2 protein chains.
Amino acid sequence: MSTQSSTQPDEGTTAAARHWRVYGPLGLHPILLHAMEAFDEHGYHGTSVRDIAGRVGVTVPALYYHYENKQALLATLLETSIKDVLDRCRAAAEEAGDDPAARFRAMVESIVLYMAHRQGLAFLDTEIRSLEPGNRARYVALRDYLEHMLLDTVEAGAAQGVFTTPFPADAVRAVLVMCQGVANWYRPEGPLTAEEVARRHVLLGLGTVGYRGPAGNG
Amino acid sequence: MSTQSSTQPDEGTTAAARHWRVYGPLGLHPILLHAMEAFDEHGYHGTSVRDIAGRVGVTVPALYYHYENKQALLATLLETSIKDVLDRCRAAAEEAGDDPAARFRAMVESIVLYMAHRQGLAFLDTEIRSLEPGNRARYVALRDYLEHMLLDTVEAGAAQGVFTTPFPADAVRAVLVMCQGVANWYRPEGPLTAEEVARRHVLLGLGTVGYRGPAGNG
DNA sequence: CCTACCGATCGGTAGG
DNA sequence: CCTACCGATCGGTAGG
């Protein structure tokens, strides 16, 4: 894959792909960071550009100097987010090797860790409806790619008899929606660490795909 | 419970509680119906009262004659929705009796049937952020009640050893989010009937809670 | 990056 | 006086 890519100016994506469990500071431009927070609180259409400018401490025209319009803020945030989780999930799968159960565990862990450590970005997934068609198509294509990656693994496991679900596609969709759901309720200051939430969801997800491995699932 | 209740003027809620698998026409006031469609397409803040009025074919003041304001439309829709699924789920659980696995199956089936048959209402769940504090608190309380109903059943099953998940609360949240997810992708004209989607999610949900019943789960 | 603004549209309400 | 609205416009705000 490319070593210098993404809309993010910092080291984020590439380093993340190599060390998929490691999460540093967000490293977003202040305008993007405050746009993210505003969109999370009030939604895209419920957020005014004056609100974002006010949070950042700049004027509205200053905001438009850095970004084309409000839509570009959302599109940049969502593209940054989906590319990061995709890179991390791919790295986790590669590290896990060929065993379907090991790959599944690693992929689910990487996705849930992302949802917890990058909750503010991950929660924006609810705003895809507000993306213009082109931006939306690009985002959905990347999200579908993530789904197909996981589906390939579940189907491989089903072929080997290690996953017993009769509905791999439905099971994968269910697992991904339960991972995405973490972004809706997880709070860093809550009782569970991101790592513990990931561990639990790996086990829940294994149950959802009907895992029958050498050591069972309980 | 009350026999004459809810914000819905028609037979909806009460009859639905008795026949939780039966879905008739929505029976919503035309203004509510078109507000629902607009909110589903563009979100609450992305929908203007003029858009709603235009869809219905009435003037804006006519709309304000029937409903206090835009907020009341969303609040009424969401309250109607959560009360209906709650009534149906309760009826399904009562019909299923005391066995935790039977109750779990019935409750998940009833919830997924609701998500598929009442997709337009169920999808509005993404708009709770746009509810004013009081309306939001009432909605969340009812949704929490649904979660506690399901958790009681899963904990009862865990106590009997029929559900083996070590995390009943996380498992219930995961199951509910995968049910809610049905409202995001289900299309009546698609390949699967609501009943088939419900059947599959019952099995997926049983896997998620680690069901180890007399007949297994595969 | 700011001051000074625009065409239009927002949610909601006036008198009749 | 009531209902079910109407054409027009309110004070403010949207993205630009």
Side-chain angles (χ1 to χ4, degrees), chain A residues 7 9-10 27-79 124 126-136 139, chain B residues 7-10 27-80 124 126-136 139:
Chain A
T7 52
D10 73 331
L28 289 175
H29 187 289
I31 290 176
L32 281 181
L33 179 69
H34 289 92
M36 178 194 84
E37 293 174 355
F39 292 157
D40 277 338
E41 287 174 33
H42 308 296
Y44 178 75
H45 288 297
T47 300
S48 68
V49 292
R50 279 161 181 76
D51 177 15
I52 299 170
R55 289 169 187 250
V56 184
V58 300
T59 62
V60 170
L63 191 148
Y64 278 92
Y65 174 82
H66 291 285
Y67 293 91
E68 190 190 350
N69 51 28
K70 194 168 83 156
Q71 172 74 198
L73 294 174
L74 180 63
T76 302
L77 285 165
L78 279 171
E79 205 156 322
L124 293 177
T126 58
E127 297 299 326
I128 46 170
R129 174 178 47 191
S130 298
L131 284 177
E132 290 165 4
N135 293 328
R136 184 188 175 118
Y139 180 84
Chain B
T7 51
Q8 243 178 330
D10 73 331
L28 289 175
H29 188 289
I31 290 176
L32 282 180
L33 179 70
H34 289 92
M36 178 194 84
E37 292 173 357
F39 294 157
D40 277 339
E41 287 173 34
H42 308 295
Y44 178 74
H45 287 297
T47 300
S48 68
V49 292
R50 278 158 184 79
D51 177 16
I52 299 169
R55 289 169 187 250
V56 184
V58 300
T59 63
V60 171
L63 190 148
Y64 278 93
Y65 174 82
H66 290 286
Y67 293 92
E68 192 189 349
N69 50 28
K70 194 168 82 156
Q71 173 74 198
L73 294 174
L74 180 63
T76 302
L77 285 166
L78 279 171
E79 205 157 320
T80 299
L124 292 177
T126 59
E127 298 297 326
I128 46 170
R129 175 178 46 191
S130 298
L131 284 177
E132 290 165 4
N135 293 329
R136 184 188 174 120
Y139 181 83

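Note on naming: letters A, B, ... go to the chains in the order of the sequence lines (proteins, then strands), and numbering restarts at 1 for each one. All values below were derived from every heavy atom in this structure, side-chain atoms included, with hydrogens, water molecules and symmetry-related copies excluded. In this text, all values refer to a predicted model and were calculated from it rather than measured experimentally.
Going from atom CG of B:L63 over to atom P of C:dC10 covers 14 Å, rounded to whole Å. In this structure, B:N69 atom CG and C:dC10 atom P are separated by 17 Å, rounded to whole Å. Atom NE2 in A:H45 sits roughly 16 Å away from atom C1' in D:dT13 (whole-Å rounding). Atoms NE2 (B:H66) and C1' (C:dG12) sit 16 Å apart, rounded to a whole Å. In this structure, B:H42 places its NE2 atom 12 Å from P of C:dG11, rounding to the nearest Å. Atom CZ in A:R50 sits about 10 Å away from atom C1' in C:dC5, given to the nearest Å. Residue B:Y64 contributes atom OH, which lies 14 Å from atom C1' of D:dT9 at whole-angstrom precision. In this structure, the OH atom of B:Y67 is 18 Å from the C1' atom of C:dG11, given to the nearest Å.
In this structure, B:H66 has its ring center under 6.0 Å from that of B:H29.
With salt bridges taken as basic N to acidic carboxylate O contacts below 4.0 Å, one links B:R55 and B:E41.
Rounded to whole Å, the P atom of C:dG12 lies 23 Å from the corresponding atom of D:dA8.
For A:P61, the listed nucleotide lying nearest its side chain is C:dA4; candidates were D:dG15, C:dA4, C:dG12. The side chain of B:K70 lies closest to C:dG11, out of D:dG15, C:dG11, D:dG16. Of the candidates D:dC6, C:dT13, C:dC2, D:dC6 carries the atom nearest the B:A62 side chain, counting heavy atoms from C-beta on.
The side chain of B:T59 contributes no N or O atom lying less than 4.0 Å from OP1 or OP2 of D:dC5. Listed pair B:Y65 / D:dA4 meets the phosphate criterion, a side-chain N or O lying under 4.0 Å from OP1 or OP2.
When every heavy atom of A:K70 is checked against every heavy atom of A:F39, the shortest pair comes out as CG-CZ, 4.2 Å. Between B:L131 and B:A75, the shortest heavy-atom distance links the atoms CD2-CA, 3.8 Å. In plain terms, the two heavy atoms of B:V49 and B:Y64 that are nearest each other are CG1-OH, 3.5 Å.
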